[in-house]
Protein chains: 2
Amino acid sequence: MTASKSPTSGVIVYQRLRRAILEQALKPGTRLREDAIGEQFGVSRTIVRQALVRLESEHLVDTQRNRGACVAEPTLDEAEQIFEIRHCLEAEVIRRLVQRISVIGLESLDAHVDQEDRVRGKDGPVSIRLAGEFHILLAELTGNKILCNYVSELVTRCSLILAMYSRSHSSDCAVDEHRQIIQALRDKDIDAALSIMNHHLGAVQGRASLSGDDDDNLQSVLARYAEDPKA
Amino acid sequence: MTASKSPTSGVIVYQRLRRAILEQALKPGTRLREDAIGEQFGVSRTIVRQALVRLESEHLVDTQRNRGACVAEPTLDEAEQIFEIRHCLEAEVIRRLVQRISVIGLESLDAHVDQEDRVRGKDGPVSIRLAGEFHILLAELTGNKILCNYVSELVTRCSLILAMYSRSHSSDCAVDEHRQIIQALRDKDIDAALSIMNHHLGAVQGRASLSGDDDDNLQSVLARYAEDPKA
DNA sequence: TCCGAAAAAATCGTATACAAAAATATTTTG
DNA sequence: CAAAATATTTTTGTATACGATTTTTTCGGA
């Protein structure tokens, strides 16, 4: 058990903000003023700045000199490129898992989808996050950390894209399709697995239209994420 | 004309350090003390810290709380995973370029390899960097920025790996093979292109793993000198 | 001499201070 | 009244300050 030390404050703020973005609580374009965030999290701007640098290097926020940071707003062009690479990497994930996935792995996938089912219908931030985390879990099961990292990054960026361009955030990932993917993996049916994944991502990708924006204000959103106890 | 503003100091320091790592001037394990760097670049620790955070999020440096930062030392396991994903992504690059590459693109590749030839034999940091940048240029020509980003990241990490595990840093990338790749792209011969790229990366990769056990830790060094007193 | 504990130095983590730039409000001018 | 000009406030960029933690050094005792 590698009892890693408590992360530095900057990392914690980074994680919280990141989750807020993944759950689409922080919407694209939202301005991220440094003292506002610092006040919410009870830290100084120094720390907030670190978190923002991290987020920027993941392309989750855009920063302009002397103008501060905003939650990134991928263009449709970028969105397409992101989805393309996501397709590419998740196909690699599927190929690897079909070839070799453990029983335990399949079980954890089942468990995850069960959890998705449980919060289903609520259509809230949690269900959005879980949908993304299914794909991250798949990547984790390959055992390749780099692959997992990239997929995780792309999933979060896709969440941004959906927040921008999709009007119905409901069923961003059909839970049913997640189950089909698991089944195909269980059957070691690579063609089925790949085609379902492609269809699945395609469906997500397909929803690209303009959406009206209903923004929460920064303070109330951050208040929720400032004290979230579950890592 | 996008006259982008001058980057913030943190970004500049980050870029400089990054290049130093790519050129293997900063070797894996090198401690990166904050004031030492700050003094060198004429900036405060605040700025250096930002640069280190950036590098850390790219996995080019490792940071331990209260213990500072070091140039990352990928394990053999990580090295293997990195190469695997690099294979995967560079294959995607090849597939895309065979399908559609412009004449201008081919010309810029030629120009790059010419440059590689020119500094060849010198075997210095510049040639190491150019070798890596050939692959980054390939990725750029696909027009997909995300793909390019990831390849660029992986190339730099591979430079780290070679610095760690390869004893002869010379010709980390055979210029000749670069030319062969260009030719295959010109011929739109996807099989040739893929196979050359695979061989090319495999060669680089192979050099790394075979010498994996000769790290300069005291134990193994003493062991060698204990039984073979050639010095 | 060698080992361990205490003291000193070096280094990091974070908050704060202040200058520079941008955004906003106010006044002036036509 | 509108638009330009100026003053004010806000916000960012960077340096510095200071407590906390780690590393190194010193030194007394076995």
Side-chain angles (χ1 to χ4, degrees), chain A residues 2-18 26 29-73 215 217-222 225-227 231, chain B residues 2-18 26 28-73 217-218:
Chain A
T2 55
S4 60
K5 291 194 185 166
S6 71
T8 186
S9 326
V11 174
I12 293 179
V13 174
Y14 155 77
Q15 288 169 339
R16 299 274 162 85
L17 289 176
R18 191 182 196 282
L26 284 177
T30 304
R31 275 209 74 191
L32 301 170
R33 243 175 253 102
E34 294 175 0
D35 0 353
I37 298 173
E39 201 174 334
Q40 276 301 323
F41 286 93
V43 297
S44 77
R45 281 178 47 226
T46 309
I47 304 303
V48 176
R49 212 136 222 285
Q50 274 183 42
L52 291 178
V53 165
R54 283 194 150 79
L55 291 167
E56 191 199 4
S57 74
E58 273 187 56
H59 304 277
L60 295 180
V61 317
D62 267 347
T63 297
Q64 283 184 302
R65 180 165 190 158
N66 283 318
R67 294 194 168 201
C70 293
V71 177
E73 302 180 277
D215 39 356
N217 75 3
L218 183 63
Q219 295 303 323
S220 66
V221 171
L222 290 183
Y225 284 88
E227 52 187 50
Chain B
T2 54
S4 62
K5 293 195 185 166
S6 70
T8 187
S9 326
V11 174
I12 294 178
V13 174
Y14 154 78
Q15 289 169 340
R16 298 272 165 83
L17 290 177
R18 191 182 196 283
L26 285 177
T30 305
R31 272 209 78 193
L32 301 170
R33 247 175 250 100
E34 294 176 359
D35 11 4
I37 297 173
E39 200 174 335
Q40 196 68 31
F41 286 92
V43 297
S44 77
R45 280 179 48 223
T46 308
I47 303 303
V48 176
R49 213 137 221 287
Q50 275 183 40
L52 291 178
V53 165
R54 281 194 152 79
L55 291 167
E56 191 198 4
S57 73
E58 271 186 58
H59 303 278
L60 295 180
V61 317
D62 267 347
T63 298
Q64 283 185 303
R65 186 174 181 139
N66 282 319
R67 292 192 170 203
C70 293
V71 177
E73 303 180 278
N217 75 50
L218 187 59

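Only a predicted model underlies this, so the values are computations on that prediction, with no experimental measurement involved. Below, chains carry the letters A, B, ... as their sequence lines are ordered, and counting in each starts from 1.
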(request) Please work out if Arg65(A) contacts a base, only the sugar-phosphate, or nothing of the nucleic acid, heavy-atom cut-off 4.0 Å. (result) sugar-phosphate
(message) Any side-chain to backbone donor/acceptor pair from Arg65(A) onto Pro7(B)? Under 3.5 Å, distance only.
(response) yes
(message) Atom CZ of residue position Arg16(B) - does it have more than 12 heavy atoms of other residues, nucleotides or ligands inside 6.0 Å?
(response) no
(message) If you assign each of Arg31(B) and Ile47(B) to its closest nucleotide in DNA chain D, which residue comes earlier from the 5' end?
(response) Ile47(B)
(message) On the nucleotide dT14(C), are OP1 or OP2 found under 4.0 Å from the side-chain N or O atoms that Thr8(A) carries?
(response) yes
(request) Would you indicate which nucleotide in dA22(C), dA15(C), dA15(D) comes nearest to any side-chain atom of Arg67(A)? (result) dA22(C)
(request) For Ile37(B) and dT11(C), give me the distance from atom CD1 to atom P, rounded to whole Å. (result) 12 Å
(message) By nearest atom, which of the nucleotides dA17(D), dT14(D), dA15(C) is closest to the Ser44(B) side chain?
(response) dT14(D)
(message) Any heavy-atom pair between the side chains of Val71(A) and Leu17(A) that's under 4.5 Å?
(response) no
(request) Could you state the atom-to-atom distance from CD of Gln64(A) to P of dA20(C) in whole Å? (result) 22 Å
(request) Would you kindly give the CD1-to-C1' distance between Ile12(B) and dT14(D), to the nearest whole Å? (result) 13 Å
(request) Have a look at Arg33(B) and say if it touches a base, only the backbone sugar-phosphate, or nothing, with a 4.0 Å heavy-atom cut-off. (result) sugar-phosphate
(message) Please report the distance, rounded to the nearest Å, between CD in Glu34(B) and C1' in dA10(C).
(response) 12 Å
(request) Look at the side chain of Asn66(B) and decide which nucleotide, out of dT22(D), dT14(C), dT11(D), has an atom nearest to it. (result) dT22(D)
(message) Please determine whether the number of non-hydrogen atoms from other residues, nucleotides or ligands lying under 6.0 Å from atom CD of Gln15(B) exceeds 12.
(response) yes
(message) Just the rounded figure in Å: distance from P of dT12(D) to CD of Gln50(B).
(response) 13 Å
(message) Quick check on dT14(D): is either OP1 or OP2 less than 4.0 Å from any side-chain nitrogen or oxygen of Ser9(B)?
(response) yes
